[in-house]
Student: 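I'd like to ask some things about the structure below.
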Amino acid sequence: MLDRQVVKEFLEEEFEDSGIEIPKGISKKSLVETFCKYVEDDYYEWLKDNFKSFFNHYNPDWDWIKGRIDHYPE
């Protein structure tokens, strides 16, 4: 789940940089919440796609995975 305060600050900065103004009748709070839900839905699909790719479409190559673990030390 996204941190709503961080997203709010991000949107404010992006709106300022791009010159976008929120129209009257759209609250900043509802805009932030809706944007977060939109991103979270996309993020979940992205995670599912990456799971399939990382685990070789349900046929994991454990040697390759061990190599990735070594590549990204803790």
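Residue numbers count from 1 along this sequence. What you see is a predicted model; the values in this text were computed from it and never measured.
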Student: Calculate, to the nearest 0.5 Å, the distance between atoms CZ and CD belonging to Phe10 and Gln5 respectively.
Tutor: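 It is 14.0 Å, given to the nearest 0.5 Å.
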Student: Is the backbone N or O of Leu31 less than 3.5 Å from a side-chain atom of Thr34, with the two atoms forming a donor-acceptor pair by type?
Tutor: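 Here the side-chain-to-backbone pair does not exist.
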Student: Starting at CZ of Phe55, measure out to CH2 of Trp64 and round the result to the nearest 0.5 Å.
Tutor: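 So the gap between those two atoms works out to 9.0 Å.
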Student: Going hydrophobic residue to hydrophobic residue with side-chain gaps under 4.5 angstrom, can you get from Tyr38 over to Ile22?
Tutor: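 Yes, Tyr38 connects to Ile22 through the hydrophobic network.
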Student: Please indicate whether Glu14 has more than 12 foreign heavy atoms, meaning atoms of other residues, nucleotides or ligands, lying under 6.0 Å from its CD.
Tutor: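 More than 12 heavy atoms, drawn from other residues, nucleotides or ligands, come within 6.0 Å of this atom.
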Student: Taking atom CD of Glu16 as the centre, does the number of heavy atoms from other residues, nucleotides or ligands within less than 6.0 Å exceed 12?
Tutor: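 No, CD of Glu16 has 12 or fewer neighbouring heavy atoms, counting only those of other groups under 6.0 Å.
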Student: Any chance you could measure Leu11, atom CG, to Cys36, atom SG, to the nearest 0.5 Å?
Tutor: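 Nearest 0.5 Å value for the CG-SG distance: 7.5 Å.
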Student: Once you measure the plane-to-plane angle for Trp46 and Tyr43, does it fall in the parallel (<30°), tilted (30-60°) or perpendicular (>60°) bin?
Tutor: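 The rings of Trp46 and Tyr43 lie parallel, inter-plane angle below 30°.
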Student: Which distance, rounded to the nearest 0.5 Å, do you find between the CD1 of Ile65 and the CG of Asp70?
Tutor: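 So the gap between those two atoms works out to 12.0 Å.
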Student: Find out if a path of hydrophobic residues (ILVMFWY) with successive side-chain heavy-atom gaps under 4.5 Å connects Ile26 to Phe35.
Tutor: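 Same cluster: Ile26 reaches Phe35 through Ile, Leu, Val, Met, Phe, Trp or Tyr contacts under 4.5 Å.
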Student: Just verifying a value: how many Å separate Lys29 NZ and Lys8 NZ, rounded to the nearest 0.5 Å?
Tutor: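 Output value for this atom pair is 10.5 Å.
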Student: So if you build clusters from Ile, Leu, Val, Met, Phe, Trp, Tyr with side-chain heavy-atom gaps below 4.5 Å, do Val6 and Met1 land together?
Tutor: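 Shared cluster, no.
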Student: Any idea which heavy atoms bring Glu40 and Leu2 closest together, and the distance?
Tutor: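 Minimum heavy-atom separation between Glu40 and Leu2: OE2-N, 2.9 Å.
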Student: What pair of heavy atoms forms the shortest contact from Tyr58 to Phe51, and how long is it?
Tutor: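 Where Tyr58 meets Phe51 most closely, the heavy atoms are CE2-CE2, 3.8 Å.
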